[in-house]
Amino acid sequence: MKISIGADERLHVVDVALDYLKEKGYEVVWHGPAKNETHPWPDVAKRVALDVQSAEADEGILFCWTGTGVSIAANKFKGIRAALCDDAETARGARLWNDANVLCLSMRRTSEVILKEILDMWFSTSYEPNTTDDSCLRMVDEMDNPS
């Protein structure tokens, strides 16, 4: 599975994620700065969202200080369902009920232990089609094409 990852800063938690995913056998594409540099968070969100939107990547992961900015920016792209997750249970719900395809994380609030729990839950949970959630997701998709 190919994962597109972006961050506006290259902080420790980002390196932990990159290393952890590689250890787990994922192919990782990095969109972000080298250490001690920064990139605008809307730019990295756009790059990851476009990778997922175009199927260049199967999933996306974004980091910024709070995680909010990258989630807002990524959700501007049709077909992207970016979810800001602070714990494994939120990640599970985002995948199970919302069919989220971009995980957004806070570099400020996410410890190494919590990060690994979130990543494990994200990648071990998938959407389970059902009448209620399918209907809700269709409603969200229609928001991409307002009348």
Side-chain angles (χ1 to χ4, degrees), residues 1-11 13-18 20-22 24-33 37-111 113-147:
M1 179 181 285
K2 191 173 185 179
I3 312 299
S4 181
I5 301 178
D8 58 347
E9 294 181 79
R10 185 79 180 259
L11 300 183
V13 70
V14 174
D15 286 332
V16 170
L18 291 167
Y20 190 68
L21 291 168
K22 288 174 187 172
K24 294 281 187 178
Y26 295 102
E27 181 182 351
V28 174
V29 176
W30 170 242
H31 294 290
E37 293 181 6
T38 62
H39 283 209
W41 55 263
D43 184 50
V44 295
K46 178 181 178 180
R47 290 176 185 203
V48 169
L50 288 173
D51 278 357
V52 175
Q53 186 184 57
S54 68
E56 287 293 317
D58 300 296
E59 302 280 340
I61 300 174
L62 287 164
F63 290 88
C64 71
W65 190 243
T66 65
T68 305
V70 290
S71 65
I72 291 169
N75 278 315
K76 298 291 185 186
F77 292 83
K78 185 175 181 174
I80 299 302
R81 291 172 306 282
L84 176 56
C85 299
D86 281 334
D87 57 47
E89 184 58 23
T90 303
R92 185 183 81 81
R95 299 284 280 175
L96 184 64
W97 302 310
N98 308 127
D99 198 17
N101 54 10
V102 176
L103 171 63
C104 298
L105 297 161
S106 166
M107 290 186 285
R108 183 181 76 78
R109 292 186 316 270
T110 309
S111 69
V113 171
I114 297 298
L115 171 68
K116 291 176 183 178
E117 289 174 0
I118 291 170
L119 291 173
D120 287 344
M121 186 63 77
W122 180 269
F123 289 109
S124 67
T125 306
S126 59
Y127 181 67
E128 294 181 10
N130 64 82
T131 304
T132 301
D133 294 326
D134 291 348
S135 174
C136 289
L137 290 172
R138 276 192 302 277
M139 291 169 72
V140 171
D141 287 343
E142 289 170 4
M143 292 175 188
D144 283 334
N145 300 302
S147 311

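Numbers for residues simply follow the sequence, beginning at 1.
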Residues Ala73 and Pro42: closest non-hydrogen pair is CB-CA, 4.2 Å
Here the side-chain hydrogen bond (donor to acceptor under 3.5 Å, both in side chains) pairs for residues 71-83, sequence neighbours left out, are Arg81-Asp99
Hits for side-chain contact (heavy atoms from CB on, under 4.5 Å) against Glu117, two or more places apart or cross-chain, chain-then-number order -> Ala88, Val113, Ile114
Thr38 meets the side-chain hydrogen bond (donor to acceptor under 3.5 Å, both in side chains) criterion, sequence neighbours left out, with none
Residues Val44 and Asp8: closest non-hydrogen pair is CG2-N, 4.0 Å
Val70 and Ala45 have their tightest heavy-atom pair at O-CB, 3.8 Å
For Glu89, the salt bridge (charged side-chain N to carboxylate O under 4.0 Å, His left out) test, sequence neighbours excluded, returns Arg92
Here the salt bridge (Lys or Arg N to Asp or Glu O under 4.0 Å) pairs for residues 42-53, sequence neighbours left out, are Asp43-Arg47
Here the gap from Thr110 atom OG1 to Leu115 atom CG, rounded to the nearest 0.5 Å, amounts to 6.5 Å
Those residues at least two apart in sequence (or on a different chain) that pass side-chain hydrogen bond (donor to acceptor under 3.5 Å, both in side chains) with Asp134 are Tyr127
With sequence neighbours left out, the residues meeting salt bridge (charged side-chain N to carboxylate O under 4.0 Å, His left out) with Arg109 are Asp86
Residue set satisfying side-chain contact (heavy atoms from CB on, under 4.5 Å) with Glu128, at least two apart, ordered chain then number -> Leu96
Between the CZ atom in Phe123 and the CD1 atom in Ile3, the distance rounded to the nearest 0.5 Å is 3.5 Å
Heavy atoms of Ala7 and Val14 approach each other most closely as CB-CG2, 3.9 Å
One should read off an interatomic distance between Leu21 CG and Glu27 CD, to the nearest 0.5 angstrom, of 12.0 Å
| task | Keeping the roles fixed (side chain from Asn98, backbone from Ala100), state whether a donor-acceptor pair exists under 3.5 Å. | result | no
For Ser124, the side-chain hydrogen bond (donor to acceptor under 3.5 Å, both in side chains) test, sequence neighbours excluded, returns none
Of all heavy-atom pairs linking Asp133 and Trp97, the shortest is OD2-CD1, 3.3 Å
Contacts of Phe77 meeting ring-ring contact (aromatic ring centres under 6.0 Å, His included) (sequence neighbours excluded), chain-then-number -> none
To the nearest 0.5 Å, atom NZ of Lys24 lies from atom CE of Met1 at 13.5 Å
Across all chains, not counting sequence neighbours, the salt bridge (charged side-chain N to carboxylate O under 4.0 Å, His left out) partners of Glu59 are Arg95
Residues Cys64 and Trp41: closest non-hydrogen pair is CB-CB, 4.3 Å
CG of Leu105 to OG1 of Thr66, rounded to nearest 0.5 Å, is 11.0 Å
Practice prompt. Please confirm whether the backbone N or O of Lys2 pairs with a side-chain atom of Asp58, one donor and one acceptor, at under 3.5 Å?
Written response: yes
What verdict does the side-chain contact (heavy atoms from CB on, under 4.5 Å) test give for Ile5 and Val48, after you've listed the backbone C-alpha separation in whole Å, the side-chain angles of each residue and the deciding distance to 0.1 Å? CA-CA 6 Å; Ile5 301 178; Val48 169; 5.7 Å; no
Q: Report yes if the side chains of Glu56 and Ser4 come closer than 4.5 Å at any heavy-atom pair, otherwise no.
A: no
Across all chains, not counting sequence neighbours, the side-chain hydrogen bond (donor to acceptor under 3.5 Å, both in side chains) partners of Asp15 are Arg10, Lys35
Output for pair (Leu103 CG, Leu84 CG), nearest 0.5 Å, gives 8.5 Å
